[in-house]
Amino acid sequence: MGAEQSHPVNFEVGALKVDTNNEPYFQMGPNTLRVPMELHKEARDNLSRSVREGAEDYTVNSYMYFQGGRNNQRFDTDINYVIFRQESYFNWLFGAKEPTLSGVINCDTGESTLFIPRLPESYAVWSGPLRSPDWFVRHYGVDECYYTDELVTVLKEKRCSTLYLMEGMNRFSYVHTSAPIFEGIENFTLDKTTLYPMAVAGRVRKTDKELDVIRYVTKVTSEGHRRVMLAAKAGMMEYQASSIFTYYCYMYGGCRERGYIPICPSGDRSKILHYGGQSAPNDRQIQDGDLCLFDMGGEYHCYLTDITTTFPVNGVFTDVQKTTYEMVLDTVHSVVNRIRPGFTWREARIVCYRALLRNLAEQGLLVGSVDDLYEAKLHRIFMPHGIGHFIGGDVHDVGGNASYWCWSDAEAKDIDWYDPDLEWCPLEKNMVLTIEPGCYYNDVLLDPALANPAQGKFMVKSEIDKYRGIGGVRIEEVFIVTPDGCEIISDVPRTVTEIEEYMKNPPPDDIPFLDAF
């Protein structure tokens, strides 16, 4: 252990606990999920094995180095503008909640070492107890812990042969991660190419313990969505509906954070895909007869989920709302029924868009064969987004393998709406994804398409005009790939009949929560 700070305090506090068998775990409170720190040890062992067995010119006694997240302050003030949330790779491997940590993992043995900042005595006055290295070893299940200023000395003592660093690009967000640096790093042989793709692959294939956490947060999120369906009413502001979800997930599920800013449009605003941000902050008053499209997900222990429900605020679909909803639901089923190991996301995307076009033609909004409609890219007009994404440590989780990135930039321009990281990635058992088809009536897309002879000749304006003003419908399910298909783990009313019946006659257990609203 590193040299101790004076007067360190070690005691059980909050959500980080150790049971009578000396097994550390995270649990927010009674009736919330207990997450064993063994989850992170398994991740470390699996990644160590991947590097050890897959790295070119691997040398014995190599280490992986990771930096945790840092606090973010609001512009030039001394105030943290968000609750600290651990960097996702660091949480996956260590489960640690504190900022400004780093860690190394021995690739031969999986032995883990955390490095913590040497904090001033005043920290105990303003922010909480000064936790010793022993506290971190005990509560996170790592093998050793030292202070950050001891990092270089410790690595030299361990005779580190190669230090693997994280550097690469998230193929979903196109955000590049640069290799971390620290004072004295020049003393070591560095590898900046091996680790990133192996860590990505490790996060994609969930362990059973990870699936337990994702199932839990998806269950809580589903319950939150159902409560919002019952509590939402005409005259309520969209942000009030959003706040009910946030309250429920934290109060009853221990989900302090949401996975992303809730997207809660109503009426015509439901055609705006990422509504809810700074330019459209869930600030409309919901009107009688509106559809509410609510895309919301909770987060627990830095694992999260993503569910979208669409429902009429008054509990009864109009004819055009019902038609649109059932077109989208049929599209969901068309894709889900094909999901299985080996099925690629590109195949899923094609199935999805063609199913939506078939439905639009069957309802008279389009004319022509599905082949012609797809060739004319009319799915881009009614569904201008991808069909889903990985779920895990981030809402748009890392996924796939760079080797599946099979085309040049020029070729990519000729491919319609795609999910770049997933496109050619065969699905595998224990991958967790969303499927989120939608159908929207957005004048910004409809009017130019109607005026374009190549597309307008397939569009029935008189029918399409009947649907303008309702906004749109999106249905988003969360599923786990199983050996012979997939398991939908989101659990909310989905058919028109189920939604209308649920809102009219809610289960008795769901009603007491509503007394506050």
Side-chain angles (χ1 to χ4, degrees), residues 1-6 8 40-41 43-45 47-48 50-52 54-73 84 86-123 130-137 140-169 175-199 202:
M1 297 299 161
E4 298 288 328
Q5 284 182 254
S6 61
H40 306 290
K41 184 180 186 305
R44 296 193 295 268
D45 289 344
L47 184 57
S48 299
S50 295
V51 173
R52 187 170 65 246
E56 293 185 15
D57 303 321
Y58 178 77
T59 57
V60 174
N61 214 37
S62 293
Y63 284 80
M64 299 174 280
Y65 174 75
F66 297 88
Q67 280 187 351
R70 302 296 190 260
N71 270 323
N72 293 314
Q73 291 173 218
F84 173 73
Q86 188 58 267
E87 193 275 331
S88 298
Y89 285 101
F90 202 83
N91 182 76
W92 173 55
L93 293 167
F94 296 100
K97 303 302 179 187
E98 296 79 7
T100 326
L101 305 182
S102 58
V104 298
I105 303 170
N106 184 304
C107 298
D108 296 330
T109 65
E111 179 186 84
S112 56
T113 306
L114 278 176
F115 293 89
I116 63 176
R118 200 181 291 272
L119 299 170
E121 295 290 334
S122 60
Y123 182 92
L130 290 171
R131 293 169 175 170
S132 71
D134 283 330
W135 186 95
F136 282 84
V137 169
Y140 290 123
V142 295
D143 297 288
E144 298 176 310
C145 181
Y146 297 88
Y147 291 107
T148 301
D149 54 27
E150 300 175 289
L151 172 61
V152 173
T153 299
V154 170
L155 284 175
K156 285 182 176 180
E157 290 176 350
K158 292 180 179 294
R159 300 183 182 278
C160 171
S161 61
T162 300
L163 192 61
Y164 291 98
L165 305 176
M166 288 285 286
E167 180 165 293
M169 186 174 70
V175 174
H176 186 269
T177 295
S178 297
I181 59 174
F182 55 84
E183 186 175 353
I185 197 172
E186 68 277 2
N187 290 286
F188 307 100
T189 300
L190 307 179
D191 183 312
K192 301 180 182 180
T193 60
T194 298
L195 184 54
Y196 189 89
M198 291 186 177

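This chain uses plain numbering: 1 for the first residue, then up along the sequence.
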Practice task
For the pair Arg44 and Phe94, evaluate side chain to side chain contact (heavy atoms under 4.5 Å, CB included) and give the outcome as yes or no after the intermediate values.
Solution key: CA-CA 8 Å; Arg44 296 193 295 268; Phe94 296 100; 4.1 Å; yes
Practice task
Starting from the C-alpha separation in whole Å, work towards a yes-or-no answer on side chain to side chain contact (heavy atoms under 4.5 Å, CB included) for Ile181 and Leu165.
Solution key: CA-CA 9 Å; Ile181 59 174; Leu165 305 176; over 6 Å; no
Handout entry: Test side chain to side chain contact (heavy atoms under 4.5 Å, CB included) applied to Val104 and Glu111, step by step
Key = CA-CA 8 Å; Val104 298; Glu111 179 186 84; over 6 Å; no
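You'll find the side chain of Asp191 stays beyond 4.5 Å of the side chain of Thr189, heavy atoms only. The side-chain heavy atoms of Trp135 and Ser132, taken from C-beta on, include a pair separated by under 4.5 Å. Residues Thr194 and Glu56 form no side-chain contact, since every pair of their non-hydrogen atoms from C-beta on lies 4.5 Å or further apart. Looking only at side-chain heavy atoms (C-beta outward), Lys158 and Glu144 come within less than 4.5 Å of each other. Side-chain contact between Tyr58 and Tyr164: present, with at least one pair of heavy atoms (C-beta onward) separated by less than 4.5 Å.
From Leu163, atom CG reaches atom OH of Tyr63 across 10.5 Å, with rounding to the nearest 0.5 Å. Taken to the nearest 0.5 Å, the CG atom of Leu190 stands 5.0 Å off from the CD1 atom of Ile185. For the atom pair Thr100 OG1 and Phe84 CZ, the distance stands at 7.0 Å (nearest 0.5 Å). Asn106 CG to Met64 CE: the interatomic distance, rounded to the nearest 0.5 Å, is 8.0 Å. We find the CG-CZ distance between Leu101 and Phe115 to be 11.5 Å, quoted to the nearest 0.5 Å. Atom NE2 in His40 sits 9.0 Å away from atom CG in Leu93 (nearest 0.5 Å).
Lys41 meets the salt bridge (charged side-chain N to carboxylate O under 4.0 Å, His left out) test with Asp45; sequence neighbours excluded. When the side chain to side chain donor-acceptor pair (under 3.5 Å) test is applied to Asp149, the partners found at least two apart in sequence or on another chain are Arg118. Every side chain to side chain donor-acceptor pair (under 3.5 Å) that Glu98 has, sequence neighbours left out, goes to Arg131, Tyr140. Taking Ser161 as the reference, Thr59, Asn61, Ser62 meet the side chain to side chain contact (heavy atoms under 4.5 Å, CB included) condition, with sequence neighbours excluded. Every side chain to side chain donor-acceptor pair (under 3.5 Å) that Tyr65 has, sequence neighbours left out, goes to Gln67. Listed by chain and number, the residues in a side chain to side chain donor-acceptor pair (under 3.5 Å) with Lys192 amount to none (sequence neighbours excluded).
Using cut-offs of 30° and 60° on the angle between ring planes, the pair Phe182 and Phe188 is tilted.
Within 6.0 Å of atom CD in Glu183, 12 or fewer heavy atoms from other residues, nucleotides or ligands are found, so the atom counts as exposed in its surroundings.
Looking at Asp143, its side chain does come within 3.5 Å of a backbone N or O of Ser112 through a donor-acceptor pair. Checking side-chain atoms of Gln86 against main-chain N and O of Gly69 turns up a donor-acceptor pair under 3.5 Å. Judged by distance alone, the side chain of Thr177 and the main-chain N or O of Glu167 form no donor-acceptor pair under 3.5 Å.
When every heavy atom of Ala96 is checked against every heavy atom of Phe90, the shortest pair comes out as CB-CE2, 4.2 Å. In plain terms, the two heavy atoms of Pro133 and Tyr147 that are nearest each other are CD-OH, 3.3 Å. In terms of heavy-atom proximity, Met169 sits nearest to Tyr196 at C-OH, 3.4 Å.
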